There are 2 protein chains.
Amino acid sequence: MKPITLKDLALKLNISVTTVSKALKGYSDVSKSTRDAVFALAEEMNYTPNSVAVNLRTRQTNTIGVIIPTIVHQFFSKVIDGIIEEAEKKGYLVITLQSNESVKLEKKQIDLLLNKRVDGILISLANDQKEIKHLQKVINKKTPLVLFDKISKSLVCSKVVINDREAAYNAVTHLIQSGCKKIAHFRGPLNPQNSIDRYLGYRKALEDNNIKFDKSLIYTCEDVSFEEGYKFAEDIYEKNKDIDAVFAITDLVAVGAIAYFNENNIAVPNQISVIGFSNWFMSSVISPSLTTVDQPGYKMGKKALKLLFKEMNAQKKGKEFIPETIVLPTKIIKRNSTLI
Amino acid sequence: MKPITLKDLALKLNISVTTVSKALKGYSDVSKSTRDAVFALAEEMNYTPNSVAVNLRTRQTNTIGVIIPTIVHQFFSKVIDGIIEEAEKKGYLVITLQSNESVKLEKKQIDLLLNKRVDGILISLANDQKEIKHLQKVINKKTPLVLFDKISKSLVCSKVVINDREAAYNAVTHLIQSGCKKIAHFRGPLNPQNSIDRYLGYRKALEDNNIKFDKSLIYTCEDVSFEEGYKFAEDIYEKNKDIDAVFAITDLVAVGAIAYFNENNIAVPNQISVIGFSNWFMSSVISPSLTTVDQPGYKMGKKALKLLFKEMNAQKKGKEFIPETIVLPTKIIKRNSTLI
DNA sequence: CTGAAAGCGCTTACAG
DNA sequence: CTGAAAGCGCTTACAG
């Protein structure tokens with residue numbers, strides 16, 4: 001039951017391992033008769049090459065590593081979907097790890113992947129990112145690295161993102177154009193760049209429309225959860241009956257807010273409009289259905305992998321590679337939680 | 001920038017590679033002074049072992065492979081979550097592959113994982129499963145294998161499942177107890193075992209309650225989608241105005257049905273009750289919220305991996321391993337789409 | 001306590 | 001066209 005090796009084939013055919021290897025790889029300097037014999041026997045004995053040995057010899061594993069905060073999250077599972085599909089096309093396998101928003105875990109996982117000698121790493125950073133030494137290490141070791149969605153501006157490497165600031169700007173502008181004037185923002189945690197950017201987009205939209213920024217209308221999520229959305233909606237409504245819109249950091253939070261409004265007979269969107277971010281499937285089936293910003297997860301996964309391959313290929317050819325940043329377009333999906 | 005190897009350390013310390021290796025692995029037959037020197041240098045030079053070489057030498061990769069139909073599906077992403085968490089605890093990495101419900105792809109992926117010499121494989125089968133040769137191959141090669149959720153009865157290996165028949169039986173009984181008499185079933189595709197079992201549970205519940213089975217109340221999903229739920233709801237309502245309940249193969253289908261009923265002012269649950277299966281997060285936030293059967297994905301992933309390890313360990317010790325089947329409990333989550 | 005040697009299963013530059 | 005040899009980076013049984 002031990003796997004068949006090249007040696008087994010060579011022994012049976014009475015030729016050298018070298019020749020068997022070359023025959024199997026279709027080298028031209030092997031006679032047709034030998035090649036045929038090798039292929040026939042390999043087929044018959046059900047030979048499959050031992051990837052581990054090949055990897056060691058070629059210093060290449062055809063494996064890439066992916067680290068995301070959490071997989072049970074529609075956006076990230078879409079990204080993973082895109083990555084796996086694209087990787088498979090090129091004969092690569094994908095190892096997925098979850099940081100659970102912990103930088104400590106993230107560090108350990110980077111080391112695991114590095115030891116595993118993956119050919120490249122794709123990562124979306126944990127929220128409490130303050131230091132980036134572990135990522136700098138990846139770059140120093142010349143392991144291709146691409147950040148996506150949750151990135152760090154201070155790292156010099158390729159990135160795939162959306163323009164969070166602009167997307168948020170557009171979302172809030174949409175609310176303003178529909179007549180809203182007192183717009184709350186349930187923002188994300190303080191650290192992540194995309195949470196900051198969405199907040200800045202919100203502020204800019206207010207500014208450009210001469211709406212005074214009011215700090216008391218800002219709530220900060222820690223877990224970015226349904227419960228927070230619900231709780232913040234309750235709190236803000238009790239303190240500001242005249243609030244007329246909520247821009248939430250993500251659909252889950254928006255759905256929590258809508259749940260509170262529904263339960264308390266506060267009409268969405270007639271009294272309060274709500275706009276989310278991400279476009280989870282869920283948002284299309286709740287009532288009222290949620291207007292939101294579509295965030296192209298699947299595409300982001302594909303693009304991130306393509307960029308990684310580009311870097312890997314440049315490296316193989318010994319060429320210099322200049323990091324690229326790809327900004328994917330977003331669009332507002334208009335549904336029934338906003339007036340227009 | 002080439003990674004540091006044992007040889008590099010040995011050269012610097014003027015000792016043999018053997019001793020360096022032993023020191024690093026904490027063998028007792030290395031003097032303390034040597035060990036200290038080795039550790040100090042390894043630390044200083046940032047040595048990390050090359051897993052590929054270790055894997056080749058030890059014939060073990062500390063990697064397991066997982067194949068699921070699709071990752072963008074809350075149930076499966078929960079399973080993956082459970083698998084990854086559990087694997088990480090034991091120092092294992094997880095390669096995830098999606099069959100997209102294609103057996104052809106599944107076969108290729110099995111080969112990939114086998115070539116990769118993963119230490120074990122976890123799989124939830126594609127729907128159009130008719131043959132199982134590729135899985136039999138895994139067993140023949142003595143690679144530990146555990147099936148979960150979507151299994152094949154004819155394979156002799158470990159399995160982790162829920163009792164689909166019983167769960168469906170309970171769901172339908174719940175509808176009957178609430179007074180429903182004309183209960184439709186939007187079933188899954190014809191092939192998968194769990195789809196068959198849920199259908200059988202439905203029939204048994206009718207039988208035990210003296211409700212005559214009516215073939216025209218059965219609709220068969222192909223994609224198990226929202227759209228199918230919607231379409232089937234429309235069709236059945238047009239043909240049977242007196243229908244009073246729908247038991248759907250999965251939440252997504254149930255949510256599609258509810259969407260149709262809502263849009264057409266057919267009161268759920270007062271006119272028609274709806275019960276789903278899986279307990280996606282979505283089900284708790286739609287209106288009316290969906291009564292459903294909770295399917296423990298996270299736990300299933302953990303259990304499947306534990307069973308796999310059990311088999312791997314037995315194998316290492318040369319012990320015989322008798323395949324086990326674990327049946328996880330399910331429960332009905334009562335919400336507002338049913339009368340009680 | 002230390003190390004030479006063999007070997008895991010491949011690939012490839014080189015010689016013939 | 002074929003193959004001996006070296007080597008990828010480790011581990012481990014064995015000798016001293």
Side-chain angles (χ1 to χ4, degrees), chain A residues 1-39 41-42 45-63 91 112 114-119 141 316, chain B residues 1-39 41-42 45-63 91 112 114-119 141 316:
Chain A
M1 260 321 131
K2 257 186 52 186
I4 310 298
T5 66
L6 287 187
K7 202 172 155 193
D8 297 327
L9 299 181
L11 241 39
K12 279 234 182 189
L13 291 168
N14 236 325
I15 55 176
S16 74
V17 167
T18 303
T19 303
V20 176
S21 172
K22 286 202 275 195
L24 251 18
K25 299 192 74 190
Y27 278 42
S28 58
D29 62 345
V30 177
S31 73
K32 188 171 180 322
S33 64
T34 307
R35 180 163 36 216
D36 289 349
V38 170
F39 270 103
L41 187 65
M45 298 188 68
N46 224 324
Y47 169 76
T48 61
N50 182 328
S51 303
V52 179
V54 175
N55 296 343
L56 179 60
R57 184 53 230 242
T58 59
R59 298 158 169 287
Q60 206 191 303
T61 54
N62 287 316
T63 304
L112 276 174
L114 252 18
N115 292 1
K116 193 78 187 174
R117 299 297 188 263
V118 293
D119 296 334
K141 293 210 176 202
K316 265 186 229 162
Chain B
M1 261 321 133
K2 256 186 51 184
I4 309 299
T5 65
L6 288 186
K7 202 172 155 193
D8 297 328
L9 299 181
L11 240 41
K12 280 233 180 189
L13 290 167
N14 236 325
I15 55 175
S16 73
V17 168
T18 304
T19 304
V20 176
S21 172
K22 287 202 274 194
L24 251 17
K25 300 192 72 190
Y27 278 42
S28 57
D29 62 344
V30 177
S31 73
K32 187 170 182 323
S33 64
T34 306
R35 181 165 33 221
D36 289 350
V38 170
F39 270 102
L41 186 64
M45 300 188 69
N46 224 323
Y47 168 76
T48 61
N50 181 329
S51 303
V52 180
V54 176
N55 296 343
L56 179 61
R57 183 55 229 242
T58 59
R59 297 157 168 287
Q60 207 191 303
T61 54
N62 287 316
T63 304
L112 277 174
L114 252 18
N115 292 1
K116 193 78 186 174
R117 298 296 188 265
V118 292
D119 296 335
K141 293 211 175 201
K316 263 185 228 161

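The shown structure was predicted, so the numbers you read here are calculated from the model rather than taken from an experiment.
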Heavy-atom check, side chain of A:K116 versus side chain of A:T63, under 4.5 Å: no

Any side-chain heavy-atom pair of A:K141 and B:T48 under 4.5 Å: yes

Which nucleotide in the set [options] lies at the smallest distance from any side-chain heavy atom of [X]?
X: A:N50; options: D:dC10, C:dC10, D:dG3; result: C:dC10
X: A:T34; options: D:dG3, D:dT12, D:dT2; result: D:dT2
X: B:V30; options: C:dT12, C:dT2, C:dG9; result: C:dT2
X: A:A53; options: C:dT2, C:dC8, C:dC10; result: C:dC10
X: A:S16; options: D:dC1, D:dG3, D:dT12; result: D:dG3
X: B:T18; options: D:dG9, D:dT12, D:dG3; result: D:dT12

[X] near the nucleic acid: base, sugar-phosphate alone, or nothing, with a heavy-atom cut-off under 4.0 Å?
X: B:V52; value: nothing
X: B:T5; value: sugar-phosphate
X: B:D29; value: base

Donor-acceptor contact below 3.5 Å, side chain A:T61 vs main chain A:N55: no

B:R117 (side chain) donor-acceptor with B:L114 (main chain) under 3.5 angstrom: yes

Nearest-Å distance for atom pair [atom1]/[atom2], residues [X] and [N]:
X: A:R35; N: D:dC1; atom1: CZ; atom2: P; answer: 8 Å
X: B:L56; N: D:dC8; atom1: CG; atom2: P; answer: 13 Å
X: A:L6; N: C:dT12; atom1: CG; atom2: P; answer: 12 Å

5' priority, DNA chain C, between B:R117 and B:N14 [closest heavy atom]: B:N14

Salt-bridge criterion met for A:K32 and A:D36 (N-O under 4.0 Å): yes

Mate of D:dA13 where both pairing distances stay under 3.5 Å, Watson-Crick or G-U: none

Respond yes when some side-chain nitrogen or oxygen of [X] is under 4.0 Å from OP1 or OP2 of [N], and no when none is.
X: A:S31; N: D:dT2; result: yes
X: A:K25; N: C:dT12; result: yes
X: A:K7; N: C:dG7; result: no
X: A:T19; N: D:dC1; result: no
X: B:R59; N: C:dG9; result: yes
X: B:Y27; N: D:dT12; result: yes
X: B:Y47; N: D:dC10; result: yes

